[in-house]
Amino acid sequence: MDAPLAPAGDIGALRQRYRDDKTALFSLLRDQGASTRGVRQALQQLSRLTDQTLREVWSLSGFGTGFSLIAVGGYGRGELFPHSDVDVLVLLPDGAQPDEDAELKKQLEGFIGACWDLGLEIGSSVRSVTDCVNESAKDVTVQTSMLESRLICGSKSAFNRLVTLLDEAMDPKAFYVAKTLEMRQRHTKYENTPYSLEPNCKESPGGLRDLQIILWVSKAAGLGRSWDELARKGLATPLEARQIKANEALLSLIRARLHLLANRREDRLVFDLQSAVAESFGFKAQVPAVITAGPPGAPHVAPTAKGTRRASEALMKRYYWAAKAVTQLNQILLLNIQERLQDDMAGVDRLRPLNARFFDKGGMLEVASDDLYVQQPQAILETFHIYQTTVGIKGFSARTLRALYNARPVMNAKFRADPVNRAQFLQILKEPEGITHALRMMNETSVLGRYLWVFRHIVGQMQHDLFHVYTVDQHILMVLRNVRRFFIAEHSHEYPFCSQLAAGWDKPWIFYIAAIFHDIAKGRGGDHSDLGAKDVRTFCRQHGIDREDSKLIEFLVSEHLTMSRMAQKEDLSDPDVISAFAKRVGNERYLTALYLLTVADIRGTSPKVWNAWKGKLLEDLYRYTLRALGGRAPDPGAVIEARKREALSMLALHALPHMAHKALWDTLDVSYFMRHQADEIAWHTRVLTRQIAQTATKAAGKAAPEGEAVVDRCIVRARLSPEGEGLQVLVYAPDQNDLFARICGYFDSSNFSILDARVHTTLTGHALDTFQVVAPTLSDHYRELIAMVENNLAQTIDECGPLPAPMKGRLSRRVKSFPVTPRVDLRPDEKAQRWLLSVSASDRAGLLYGISRVLARYDINVQLAKITTLGERVEDTFLICGAQLQMNKRQIEIETELLETLEG
């Protein structure tokens, strides 16, 4: 501005007064604990304070008659959050043109600049009445913003004229369609779930925006401007109005606290802020939560008493319950408004009786009377059975949803013990179709948690284990969905082997029950597998499931973690490992059932956790165990001979000279052939035959064939993994203590992740190592990527000198908020010939390289490495040997250094 808007003293005093008053209101919001009683009043006071400040600035600006200052958008509602934008409209008289009037332009710039000087984060627009009407007609966002407009100061007649013209231009039906489509797009952006681990309390499904849209469309239709008015007009019941106001207050308080703690506009409950917000509500962690090692689905928070949980878990559970209620009420009220917007007689002829209690109302299931469930509680579960089995029913009508919502008190202990209800619930699970849809709808309407009381405790419960991306109830329903897809022909292309096994299964409902109960005891304290097994045993007894089926279901729940742990941590080439697992599962039926549930469980944790390599490990364990259960005791000799014959058949297709394989195979012992499949043996042989022959010639003191130099350097070859994901990399080099560390260092610096490593030393002292690796972007140019790995890794291995220091990897926000307690477990294997090293820690760049450097420093050889990354947590297992491990003092030193490395 060329000149100050007003004397600096006036602006300075106004700024100081505004800051002081705002700070007092912030303290009020900050200090009221978990009480939501005063949150609306505080937000209104902040809005009124802003109104008063803007009026004073407006007065100092010297706007003449005909000008108006109007609050729009969220500020127009009269409730202002601490760091929300102050959206205002400067309404110009018709004919005023700031672009052509320099004085007016200067005056507007001075006003807006003064607002920013005062600390008002203003969002301004400057329009005439005609401009507002035209823009509103073109853009539903502008139309919505203007719908909530209110006059702050200036010309009242101009504002009233604007409101009148906007009301005349409003098409309630078109506005309803536009806002519901907009809501659908917004929900899609947030993955159509209120249960995101970092939800946006304003925009996510079940957030404040879902409540605002109800009032927008009701205002546009002239049906009401407040929750009480909607209740008076019959669009909401008094109970629903009370529930909406209570949940709105909670979400508003959470949003206000987020703004205050972040000191900026932050509407997401990000991990960094969840604990602080929880503490502001008075939630306290009862004991420190310790994240422990374990496969997907394991109890990673190890509580010491029933009910132990983090403060943030208590807050998030309260948030999810509120968001779930908002989602239900949003659906009920919007459907009611839609019906009011239709013509008076619309929909009457579309009622088609289904039975004495239900109608088909244009594809929506409609109850015959509002008090149906109160009078006939057995009709509650029948609702979902009809929804599941009736062709053409796409959802529930507003009347049905409201009846279910109001019938919650009826779903009590007597309801749960009713034999008719128990038979109906079991029938839902035994239907050939619609199981996932029915149970999801039961959870959305709160019926599932009221019928299965143990399920109610895990609704909205977070899992701070860095790889589950769903709350426990959503994870359970995802596992149920995954199992269900094994039995649907249309999905057989996803996991053909699982679908093949499922096709021969006679009672799919066994899996559905096991899926529902496998994690149902999470968060109670103790082993959730054991507690869940007790719960499902009670369920089976109450629902009349026969003894054999009950035993299988209980087995699946109690052992649902076992197979993933075995596959990802044990040496599957060890016959004793397979024999022990076969003894544990007992028979083929139990093995197949456990395999299918395990695949579904891992896939249901997070899209990041499942990969083709984990799938191969599980399938290998299944097939090895199946042979053992068939009476064929593991015979290493027979397995090796079979693999050799298969490898030779493959080699014959590549026209290798007769007995060309012998030079390599004579340097390999039994463990190599046990740990590698036939196609890997054939690939290694093709690549290495010539090199091995040259090495053997040199060792015998003979000259190399004329024209050929004896090369005794490393060979690196890579190919696309046979499992269809990532690369398989072969390294053949003279063995050295730091070889494994150098290889890990290269992969780490090149941004590859190692999934598996099999390390073997030949009888001639060469390392023959096979790595399974994946890259974040394995592009279509994989040939160039393979060439790069082969060339650069060979150079890295051939370099001499000390190992470089590992990179300091950056920790993600989730890891910072929920760190994994580093753990190291070093113990001899069952035969006391080698050692098993297990580590668990938060994942970061350079971690595996850091571990391998420690092992190299103590001359420890890595024979097998299983690298398991579970989201942002790693659980790695190494089979190692070395003279230093025989000394207790050295063991302690190794474990100490490893812990320091894991801690970063």
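This structure is a prediction, so every number in the text was calculated from the model and none was measured.
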Charged N to carboxylate O below 4.0 Å: is that the case for [X] and [Y]?
| X | Y | value |
| --- | --- | --- |
| E680 | R675 | no |
| D679 | R643 | no |
| R853 | D738 | no |
| D825 | R823 | no |

So how far is it from [X] [atom1] to [Y] [atom2], rounded to the nearest 0.5 Å?
| X | Y | atom1 | atom2 | result |
| --- | --- | --- | --- | --- |
| Y590 | L629 | OH | CG | 13.0 Å |
| W835 | I880 | CH2 | CD1 | 8.5 Å |
| E893 | N888 | CD | CG | 11.5 Å |
| N482 | H491 | CG | NE2 | 10.5 Å |
| L730 | D769 | CG | CG | 8.5 Å |
| L763 | T667 | CG | OG1 | 6.0 Å |

Minimum heavy-atom separation for [X] to [Y], with atom names?
| X | Y | answer |
| --- | --- | --- |
| L847 | S842 | CD2-O, 3.6 Å |
| Q728 | R758 | NE2-NH2, 3.9 Å |
| F878 | V839 | CE1-CG2, 4.2 Å |
| V479 | H518 | CG2-CE1, 3.8 Å |
| A567 | L621 | N-CD2, 3.9 Å |
| T764 | Y732 | OG1-OH, 4.2 Å |

Test of understanding: with ring pair (Phe, Tyr, Trp, His ring centres under 6.0 Å), list the residues that count as partners of [X], not counting sequence neighbours.
| X | result |
| --- | --- |
| F581 | none |
| F673 | W665 |
| F511 | F487, W505 |

>> Taking side-chain contact (heavy atoms from CB on, under 4.5 Å) as the criterion, tell me which of I860, L879, L855, D876 meets it with L837.
In response: L855
> Knowing that exactly one of L898, I892, L836, L885 qualifies, which makes a side-chain contact (heavy atoms from CB on, under 4.5 Å) with L826?
Replying inline: L885
Taking C-beta and beyond as the side chain, do [X] and [Y] meet within less than 4.5 Å on heavy atoms?
| X | Y | result |
| --- | --- | --- |
| L727 | L720 | yes |
| W610 | V599 | yes |
| Y595 | L626 | no |
| V729 | I786 | no |
| I681 | Q677 | no |
| F771 | F740 | yes |
| I640 | K644 | yes |
| Y849 | L803 | yes |

> Can a cation-pi geometry be assigned to R719 and W683, taking NZ or CZ under 6.0 Å from the six-membered ring centre and within 45° of the ring axis?
Replying inline: yes
>> Ring of F497, cation from R623 - is the NZ or CZ under 6.0 Å from the centre and inside 45° of the axis?
In response: yes
> Run the side-chain contact (heavy atoms from CB on, under 4.5 Å) check on L651 and T685 step by step: do they pass?
Replying inline: CA-CA 8 Å; L651 289 170; T685 305; 3.7 Å; yes
Applying side chain to side chain donor-acceptor pair (under 3.5 Å), can you list everything that pairs with [X], at least two apart in sequence or on another chain?
| X | answer |
| --- | --- |
| T592 | Y622 |
| K662 | D666 |
| Y746 | none |

Using modelled atom types and a 3.5 Å cut-off, is there a donor and acceptor pairing between side-chain atoms of [X] and backbone atoms of [Y]?
| X | Y | answer |
| --- | --- | --- |
| D756 | K866 | no |
| Q863 | V759 | no |
| S750 | F747 | no |

Between [Y] and [X], is there a side-chain donor-acceptor contact under 3.5 Å, judged purely by atom types and distance?
| X | Y | result |
| --- | --- | --- |
| Y495 | R603 | yes |
| Q772 | S721 | yes |
| H560 | D601 | no |

> Going through the checks in order, is the salt bridge (Lys or Arg N to Asp or Glu O under 4.0 Å) test met by R742 and E799?
Replying inline: CA-CA 9 Å; R742 289 190 185 278; E799 289 175 357; 5.3 Å; no
> Just wondering, are more than 12 heavy atoms of other shown residues or ligands nearer than 6.0 Å to NE2 in H493?
Replying inline: yes
> What do you reckon, is CD of E588 surrounded by more than 12 foreign heavy atoms closer than 6.0 Å?
Replying inline: no
> Is there a side-chain hydrogen bond (donor to acceptor under 3.5 Å, both in side chains) between D735 and H766 once you walk through the steps?
Replying inline: CA-CA 5 Å; D735 199 14; H766 282 70; over 6 Å; no
> Do the ring centers of H760 and H684 come within less than 6.0 Å of each other?
Replying inline: no
> Which is it for I602 and L618 under the side-chain contact (heavy atoms from CB on, under 4.5 Å) test, yes or no, and what are the steps along the way?
Replying inline: CA-CA 11 Å; I602 298 177; L618 285 171; 3.8 Å; yes
>> I'd like to know whether L864 forms a side-chain contact (heavy atoms from CB on, under 4.5 Å) with T877, so could you lay out the CA-CA distance, the side-chain angles of the two residues, the decisive distance to 0.1 Å, and finally the verdict.
In response: CA-CA 8 Å; L864 183 70; T877 304; over 6 Å; no
> So E897 and R857, side-chain contact (heavy atoms from CB on, under 4.5 Å) or not? Walk me through it.
Replying inline: CA-CA 10 Å; E897 287 194 35; R857 190 156 51 248; 2.4 Å; yes
